[in-house]
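One structure below.
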Amino acid sequence: MNNTKKSKFSVKDLVLIGMFAAFLAVISQLAIPMPTGVPITIQVFGIALVGAILGAKRGTIAVIIYILIGAVGAPVFANFQGGLQVITSTAGGYIIGWPFMAALSGIRPDLQNKKVSLVLNIVFALIGLAIVEGVGALQWAFLTQGDLKPIIIYSFTAFIPKDIMITVLAIMIGRPLRKYISKESL
């Protein structure tokens with residue numbers, strides 16, 4: 001009797017997870033440092049794209065691996081930063097929210113109506129973005145012992161409009177790529 005368990009992830013899955021964790025490390029360097037300590041980036045584009053392409057499970061794992069690599073000190077976060085101090089900084093709440101965004105961006109309703117399916121996919125991704133922005137703002141306010149209102153106003157000025165647009169763009173790009181990757185073999 002063979003008691004060996006079949007792996008839950010194929011070699012292809014593991015390669016894709018690793019590749020997309022590396023992709024996040026690269027895309028994270030496209031950042032504009034800000035005096036607030038929270039840089040303007042396109043990281044949420046990367047997070048939503050990873051979820052949209054890999055799906056909820058593999059996408060979330062890729063994001064968690066990326067975060068863990070950064071947490072142990074590899075300079076993979078924005079502006080070549082790394083270490084646990086980044087996650088515990090004013091920008092860290094946004095990082096903490098990323099796995100939720102990846103998971104929600106990876107939910108792909110498979111409905112007969114393709115337009116409704118796309119709209120739901122975008123709505124899930126935007127809910128993930130709301131979690132990222134909410135957790136980020138809360139940690140930022142907590143660490144600066146500041147009022148949440150100016151942080152929310154700043155976020156609606158500097159982050160949220162751009163992040164909504166790039167999240168929708170990531171879903172629009174990621175959906176066809178997900179089909180392509182699922183058909184191709186490595």
Side-chain angles (χ1 to χ4, degrees), residues 3-31 39 41-89 91-110 117-118 120-133 135-136 139 163 166-186:
N3 286 334
T4 59
K5 289 185 178 179
K6 185 175 180 176
S7 172
K8 294 186 188 257
F9 290 106
S10 67
V11 171
K12 178 181 176 180
D13 290 334
L14 297 175
V15 168
L16 288 170
I17 288 167
M19 284 174 43
F20 278 91
F23 165 76
L24 291 172
V26 171
I27 201 169
S28 294
Q29 302 320 314
L30 303 172
T41 71
I42 60 167
Q43 289 171 302
V44 295
F45 171 80
I47 300 300
L49 187 65
V50 167
I53 292 173
L54 295 182
K57 186 176 180 181
R58 294 183 304 178
T60 303
I61 291 170
V63 170
I64 290 170
I65 288 171
Y66 161 72
I67 292 170
L68 290 173
I69 290 169
V72 297
V76 296
F77 297 134
N79 300 314
F80 294 101
Q81 295 182 25
L84 203 50
Q85 71 275 7
V86 177
I87 297 172
T88 59
S89 74
Y94 298 95
I95 296 169
I96 292 167
W98 289 343
F100 299 101
M101 184 176 186
L104 287 165
S105 296
I107 296 173
R108 185 157 179 196
D110 193 19
S117 184
L118 172 62
L120 284 174
N121 198 182
I122 290 170
V123 167
F124 287 138
L126 291 175
I127 291 169
L129 176 61
I131 292 170
V132 168
E133 298 292 348
V135 174
Q139 182 165 321
D163 288 348
I166 64 178
T167 297
V168 171
L169 181 63
I171 298 302
M172 300 294 288
I173 292 169
R175 286 176 61 93
L177 289 176
R178 184 173 181 175
K179 285 181 183 178
Y180 177 75
I181 286 176
S182 66
K183 290 179 183 176
E184 293 296 311
S185 61
L186 296 175

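Given the structure is predicted, the values throughout are model-derived calculations rather than measurements. Numbers for residues simply follow the sequence, beginning at 1.
Under the 3.5 Å distance criterion, the side-chain polar atoms of Thr167 are left unmatched by any main-chain donor or acceptor of Ala125. Side-chain atoms of Gln139 come within 3.5 Å of backbone N or O of Ser89 as a donor-acceptor pair. Not one N or O on the side chain of Ser105 forms a donor-acceptor pair closer than 3.5 Å with the backbone of Ala102. Although no hydrogens or angles enter the test, the distance criterion places no donor-acceptor pair under 3.5 Å between the side chain of Asn121 and the main chain of Leu118.
Side-chain atoms of Tyr66 and Val50, non-hydrogen and from C-beta on, never get closer than 4.5 Å to each other. Taking 4.5 Å as the limit, every side-chain heavy atom of Asp13 sits out of range of all side-chain heavy atoms of Ile61. In this structure the side chain of Ile96 reaches within 4.5 angstrom of the side chain of Ile87, judged on heavy atoms. Put simply, the side chain of Leu68 reaches to within 4.5 Å of the side chain of Ile64, judged on heavy atoms. Residues Leu49 and Phe23 are in side-chain contact: their nearest non-hydrogen atoms beyond the backbone lie under 4.5 Å apart.
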Check against side-chain contact (heavy atoms from CB on, under 4.5 Å), Ile27 and Ile42: CA-CA 7 Å; Ile27 201 169; Ile42 60 167; 3.7 Å; yes
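Nearest heavy-atom pair across Asp163 and Glu133 is OD2-OE2, 2.6 Å. For the pair Ala48 and Met101, the tightest heavy-atom approach, listed with the atom from each and the gap, is CB-CE, 3.9 Å. Across Ile47 and Trp98, no two heavy atoms sit closer than the pair CG2-O, 3.5 Å. Closest approach of Ile171 to Ala52, counting heavy atoms only: CD1-CB, 3.8 Å. Val135 and Gly93 get closest at one heavy-atom pair: CG1-O, 3.3 Å. Minimum heavy-atom separation, Ile65 to Ala21: CG2-CB, 4.2 Å.
In this structure, CZ on Arg178 lies 7.5 Å from CZ on Arg58, to the nearest 0.5 angstrom. Of the inter-residue distances, the one linking Lys57 atom NZ with Phe9 atom CZ reads 4.5 Å to the nearest 0.5 angstrom. Separating the CG atom in Asn79 from the CG atom in Leu30 is a distance of 10.5 Å, to the nearest 0.5 Å. The CD atom of Gln29 sits 8.0 Å away from atom CD of Gln43, with the distance rounded to the nearest 0.5 Å. Taking CD1 of Ile181 as the reference point, atom CG of Leu54 lies at 6.5 Å (rounded to 0.5 Å).
Atom CZ of Phe45 has more than 12 neighbouring heavy atoms from other residues, nucleotides or ligands inside a 6.0 Å radius.
Leu104 pairs with exactly one of Val123, Leu126, Leu129, Ile131 by the side chain to side chain contact (heavy atoms under 4.5 Å, CB included) rule, that one being Ile131.
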